[in-house]
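One structure is given here, and the rest of the page talks about it.
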Amino acid sequence: MSETPKPDQGPALAKLWVLMVTAFVDMIGFALIMPLLPYYATDFGADAFTVGLLMATFAFGQMVMAPVWGRVSDLIGRKPVMLIGQGVAAGAFVVFAFSTTVWMLFACRLLQGMGAGSIGSINAYVSDAVGPSKRAEALGWITACTSAGVMIGPAIASLTVGFSRAAPGLIAAAASLLSMVFTWIWLREMKDPKKRTSKPRAIRHQMASILRHPAKRTNSLVWIYTAGMMAFMSMTGIMALYLDARFGIDEQQIGFFYLAVGAVSVVMRGLLLGKLVRRIGEVRTLRLGALCLGLGMLGITFAVEPWMFAVVLVLVPAGTAMLFPSTTSLISRYADPDEVGQTMGVQQAFGGISRLTAPIWAGAVFQHMGIREPFWIGGALVLLTALFALRLKPGENPHEDAPGSTPAEAATGG
C-alpha cells in the first residue's frame, strides 16, 4: 500500500526550471576546478597530506555555514541567501584562477565551502514551492542536475586548462555569475519570511536536540542522512585505491567507474525517482535506498572481477538517489514551518561532518586494517542507522505526534 498523496500547493515542478539550471551551472563551476586542485597544490610544493587537508577544507566551510545560511533564509528569504552563496563561490573561483601559493588554494576551498553551505536554502525553496507528494521528485530533479554538472565539469577543465592555468577558474567564476543572473531575474521568492509565526530556535539548541534525542522523528532522519553520506563518502574516498590494489585499475581506467556512478545517479534521480515515490511513497523509498546503499557497500567486496565490481557498484548510486531526496523531503515535511531552512541547514551541517571525516577514517582503516574493511564498516553503519526508518509510518500526518506535545515539538521531533 502506498502513501496517500495529498493535494499539492504551489507551482508545478516545471516551474523549478530556474533552480535546476542554476544548480547545474553551479555544479559545473565546482567540478571544473576539483580535478585540478591536487595538481596545482603539488606544483606549489604541497605533499599528499596537505592535499588531503585541502580537499577537506571545503567540507569544513560548508559544515560551519550551512546552519547559519539556513537560519538567515528563514528570516530574510531563500533568494537572497542563494545569491550570496553564488557570489561567494564566484569569488572563490577567481582566487583559484590567480593562486600562486597553497594558502591561496586553502582560501579558495574555504570560500567554496562557505558558499555551498547555502544548499539548505535551495532545499528549503523546493519545500516552499512544491507540495509534499512531489517534493522528493523535485529534489531528485535538482540533484540530477548537480550530478550532470559533476560529469561535465571535469571534461571542461581538461579542455580549457591548456589555454592557461587561470582559464578553468575564470570559467567557473563566470558560471557562478551566470547562475546569479538566472536567480536574480527569474527566481521568485515562494514564502514571505515576514509571515512566520515564531522565531526559529537557536542553532545550538537544535543541534543539541539531535545529539540528545536521536530517536525522535526529525532527528532520526538527520542521522539516517548523515550515515548514508558517511558510507557514500567513505566509498568514494578510497574506491580508486581499492580498485588499484584489488584489480590493478590505473588512472586511465578509473574514470569509467566514476562515470558509471554519475550516470546511474542522473538516471535514477531524474527519471525513476518520481515514479517510485508515487508508487510506494517516500518512507518506503527511503528504506529501499538505505537497503541498496548498504548492500552495495557490502557486496562490492565480494566481486572477484572488475565487471562484477561495476555491476554491484550500481546499487550504491541507486541507493543514494532514493535515500537522500526522500530523507530531505521528509525532513521538510516534519520540520517546524518557521525553521525549515534552519533545519535543512543543520541537516547539511551533519552531512558536512560526514564529508569531512569519512575520507580520513576510510583511508586510515584501508591502510591499517585491510582494503575491504572500510566498505564493511560503511555498509553496516548505514543499515544499522536505517533501522530508525522502520519507526516512520507511511502516510502519517507529519504534524501529528504524541498527545501533549506542542505544535513545534510535534513538527520537529523535539
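Taking each heavy atom of Trp141 and Met20 in turn, the nearest pair found is CE3-SD, 3.9 Å. Taking all atoms of both residues into account, the shortest heavy-atom contact from Val94 to Ala173 is CG2-CB, 3.8 Å. Smallest separation of non-hydrogen atoms from Ala90 and Leu177: CB-CD2, 4.0 Å. Contact record, Leu356 with Pro359: O-CD, 4.0 Å, taken as the closest heavy-atom pair. Across every non-hydrogen atom of Ala157 and Leu36, the tightest pair is CB-CD1, 4.1 Å. Heavy atoms only, all atoms of each residue included: Ala358 and Met233 are closest at CB-CB, 3.7 Å.
Between Leu288 and Leu276, the closest side-chain pair of non-hydrogen atoms falls below 4.5 Å. In this structure, the side chains of Cys145 and Met27 stay at 4.5 Å or more apart for every pair of heavy atoms. Residues Val72 and Ile84 form no side-chain contact, since every pair of their non-hydrogen atoms from C-beta on lies 4.5 Å or further apart. Looking at heavy atoms from C-beta onward, Met114 lies out of side-chain contact with Gln62 at the 4.5 angstrom threshold. Residues Gln348 and Met229 have side chains not in contact (no heavy-atom distance under 4.5 Å, counting atoms from C-beta outward). Taking the side chain as every heavy atom from C-beta outward, Gln347 and Thr328 approach each other to under 4.5 Å. Under the 4.5 Å side-chain criterion, counting only non-hydrogen atoms from C-beta, Arg372 is in contact with Arg246. You'll find the side chain of Tyr242 stays beyond 4.5 Å of the side chain of Met239, heavy atoms only.
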Give every donor-acceptor pair under 3.5 Å between a side-chain atom in residues 300-324 and any protein atom, sequence neighbours left out.
unit_1, atom_1, unit_2, atom_2, d
Thr301, OG1, Leu298, O, 2.7
Thr301, OG1, Trp376, NE1, 2.9
Thr320, OG1, Val316, O, 3.4
Thr320, OG1, Pro317, O, 3.0

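With values rounded to the nearest 0.5 angstrom, Met82 atom CE is found 8.0 Å from Ser73 atom OG. To the nearest 0.5 Å, atom CH2 of residue Trp223 and atom CE of residue Met230 are 8.5 Å apart. Taking OH of Tyr225 as the start and CG of Leu330 as the end, the distance is 14.0 Å to the nearest 0.5 Å. Summarising the geometry, atom CG belonging to Leu19 is positioned 10.5 Å from atom OG belonging to Ser179; distances are rounded to the nearest 0.5 Å. To the nearest 0.5 Å, atom CD1 of residue Ile142 and atom OG1 of residue Thr146 are 8.5 Å apart. In this structure, the separation between CD on Gln112 and CG on Leu105 is 10.5 Å, given to the nearest 0.5 Å.
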Using the side-chain contact (heavy atoms from CB on, under 4.5 Å) rule, take Ile171 and Ile28 through it: C-alpha gap first, then chi angles, then the decisive distance, then the call.
CA-CA 9 Å; Ile171 293 173; Ile28 284 180; over 6 Å; no
Show your working on side-chain contact (heavy atoms from CB on, under 4.5 Å) between Glu373 and Phe366 and close with a plain yes or no.
CA-CA 7 Å; Glu373 277 71 8; Phe366 182 94; over 6 Å; no
In sequence, state the C-alpha distance, the side-chain angles, and the governing distance for Ser329 and Glu282, and then conclude on side-chain hydrogen bond (donor to acceptor under 3.5 Å, both in side chains).
CA-CA 8 Å; Ser329 177; Glu282 290 173 325; 2.3 Å; yes
Would Met268 and Leu273 satisfy side-chain contact (heavy atoms from CB on, under 4.5 Å), going step by step from the backbone distance to the final call?
CA-CA 6 Å; Met268 280 294 304; Leu273 178 63; 5.7 Å; no
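Under the rule for a ring pair (Phe, Tyr, Trp, His ring centres under 6.0 Å), Phe388 has no partner lying at least two apart in sequence or in another chain. Residues satisfying the ring pair (Phe, Tyr, Trp, His ring centres under 6.0 Å) test with Phe96, not counting sequence neighbours, are Tyr40.
Side-chain N or O atoms of Asn219 include one that pairs as donor or acceptor with a backbone N or O of Ser209 at under 3.5 Å. Between the side chain of Arg287 and the backbone N or O of Ala389 there is at least one donor-acceptor pair closer than 3.5 Å. The main-chain N or O of Leu187 is found under 3.5 Å from a side-chain atom of Lys79 such that the two form a donor-acceptor pair. The main-chain N or O of Thr226 is found under 3.5 Å from a side-chain atom of Ser354 such that the two form a donor-acceptor pair. Remark: side-chain polar atoms of Trp69 are not paired, donor with acceptor, to backbone N or O of Gly115 under 3.5 angstrom.
Around CZ of Phe106, the count of heavy atoms belonging to other residues, nucleotides or ligands within 6.0 Å exceeds 12.
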